[in-house]
Amino acid sequence: MSEWVALAIAMAAACVMVIAVVVLRQRRVGEDEDPSETPDVIEYMTMMIGVIYAIVLGLAIAGVWEARNTAQDNAFNEAQALHEMSARAQVYPPAVRDRVRADIDAYVSYVVNTEWTHMREHESLSPRGTELLEQVRRDITNRVPQGELESQTYQSMVDLVAAADESRNIRGQNMGPTMPGLVWFGLIVGAVVTVGMMFTLQIRRSARELLLAGAFSALIAFLLFLIWDFDDPFGRGLGVTTQPFLDLFSPLDPPC
């Protein structure tokens, strides 16, 4: 099932549940009940609970969004380091240059076409990807610099390999959900309490009140979905993409 279909079902279910509770509750309320008799302290508590929960939701969304952007920037840094290596390989003789570029392209192609899927399914880096990057490292470090130009380029190439390897390791550490289960418990309980507090205000079955109650509950469901989706930078629909690699290494051949 698509994540967006699941979101639509969750939002619709939240609306239906709230409206059904309102309708059922209204049928049990006596005709002499006056909604204006709601104590002021309940209105104040409802307002404060809503404000506090809004702050918590905002902090949660900001946290997972920042984690996703950091992971996306790290993927760009990895792709940029590999692209720079491929460009600086121009100083090598044709045979060495072509071998270095072919090994870089093989690694990038594997990351884009295979490893990204492996990461989503297993929440770990692929051993094959590690081998391909290690081959690039050997291409550079095992060659004795020939001439002044290669000597000047050697250290920068080694630094670029190290930068790509570091970005790859960080990518491996960023896989999987980032928010603790206790935080999710607080978000879900807060949502239940926030929506439930509407019923303390003795809302009626008017179209306007039902519409607002349904829209509010759907909004809460949507925001929780966003947090859930961003919580895993590489494993869900709105997560980190391979676009930096595709932009810098296009076209890519399928992996061998």
Side-chain angles (χ1 to χ4, degrees), residues 1-19 21-22 43-79 116-117 119-124 167 169-201 203 209-247:
M1 179 185 297
S2 169
E3 293 180 357
W4 295 105
V5 174
L7 170 62
I9 294 175
M11 294 176 64
C15 292
V16 171
M17 181 182 66
V18 171
I19 293 175
V21 171
V22 172
E43 295 181 0
Y44 174 78
M45 290 175 59
T46 302
M47 179 188 67
M48 291 305 299
I49 290 174
V51 170
I52 293 173
Y53 188 65
I55 295 174
V56 172
L57 274 179
L59 291 175
I61 292 174
V64 294
W65 177 255
E66 182 179 1
R68 179 199 176 279
N69 283 347
T70 300
Q72 186 72 59
D73 291 342
N74 182 73
F76 174 81
N77 293 337
E78 181 182 358
W116 225 258
T117 302
M119 289 164 51
R120 292 185 174 183
E121 294 177 351
H122 303 282
E123 295 187 358
S124 64
S167 296
N169 291 332
I170 294 175
R171 172 156 58 88
Q173 294 173 0
N174 287 336
M175 285 181 291
T178 58
M179 290 184 59
L182 185 61
V183 176
W184 273 114
F185 175 79
L187 288 173
I188 294 174
V189 171
V192 173
V193 172
T194 302
V195 174
M197 287 298 290
M198 290 190 302
F199 301 112
T200 65
L201 298 179
I203 60 177
E209 289 176 310
L210 291 178
L211 176 62
L212 290 176
F216 179 73
S217 57
L219 175 63
I220 295 295
F222 174 72
L223 293 176
L224 289 177
F225 169 82
L226 282 183
I227 297 173
W228 172 82
D229 200 281
F230 289 147
D231 186 34
D232 190 346
F234 294 98
R236 294 176 184 139
L238 298 178
V240 178
T241 67
T242 59
Q243 195 59 43
F245 295 93
L246 297 175
D247 290 341

Query - Closest approach of Ala191 to Leu224 (non-hydrogen atoms, all atoms of both residues) - result: CB-CD1, 4.0 Å
Query raised in the report: So with a 6.0 Å cut-off around CD of Glu66, is the heavy-atom count from everything else above 12?
Result: no
Query - Closest non-hydrogen atom pair between Pro233 and Gly176, with its separation - result: CD-O, 3.7 Å
Query - Sequence-distant partners of Trp184, ring pair (Phe, Tyr, Trp, His ring centres under 6.0 Å), two or more places apart - result: none
Query - Non-neighbouring partners of Tyr53 that pass ring pair (Phe, Tyr, Trp, His ring centres under 6.0 Å), sequence neighbours left out - result: none
Query - Exam field: side chain Trp116 to backbone Phe234, donor-acceptor pair closer than 3.5 Å - result: no
Requested in this report: Of all the heavy-atom pairs spanning Leu57 and Leu223, show the shortest one and how long it is.
Outcome: CD1-CD1, 3.8 Å
Report summary line: Shortest non-hydrogen pair, Asp232 vs Met175, comes out as OD1-C, 4.4 Å
Query raised in the report: Any donor-acceptor pair under 3.5 Å linking the side chain of Thr194 with the backbone of Gly50?
Result: no
Query - Trace of the side chain to side chain contact (heavy atoms under 4.5 Å, CB included) decision for Trp228 with Met179 - result: CA-CA 9 Å; Trp228 172 82; Met179 290 184 59; over 6 Å; no
**Report entry** Shortest non-hydrogen contact between Val240 and Arg120, atoms and distance
**Finding:** O-NH2, 4.1 Å
Query raised in the report: What distance separates Asp73 CG from Ile170 CD1, expressed to the nearest 0.5 Å?
Result: 11.5 Å
Report task. Can you measure from OG1 (Thr242) to CD (Gln72) and round to the nearest 0.5 angstrom? Result -> 9.0 Å
**Report entry** CZ on Phe222 to CD1 on Ile227, rounded to 0.5 Å
**Finding:** 11.0 Å
**Report entry** Nearest-0.5 Å distance that lies between atom CZ in Phe76 and atom CG in Asn69
**Finding:** 14.0 Å
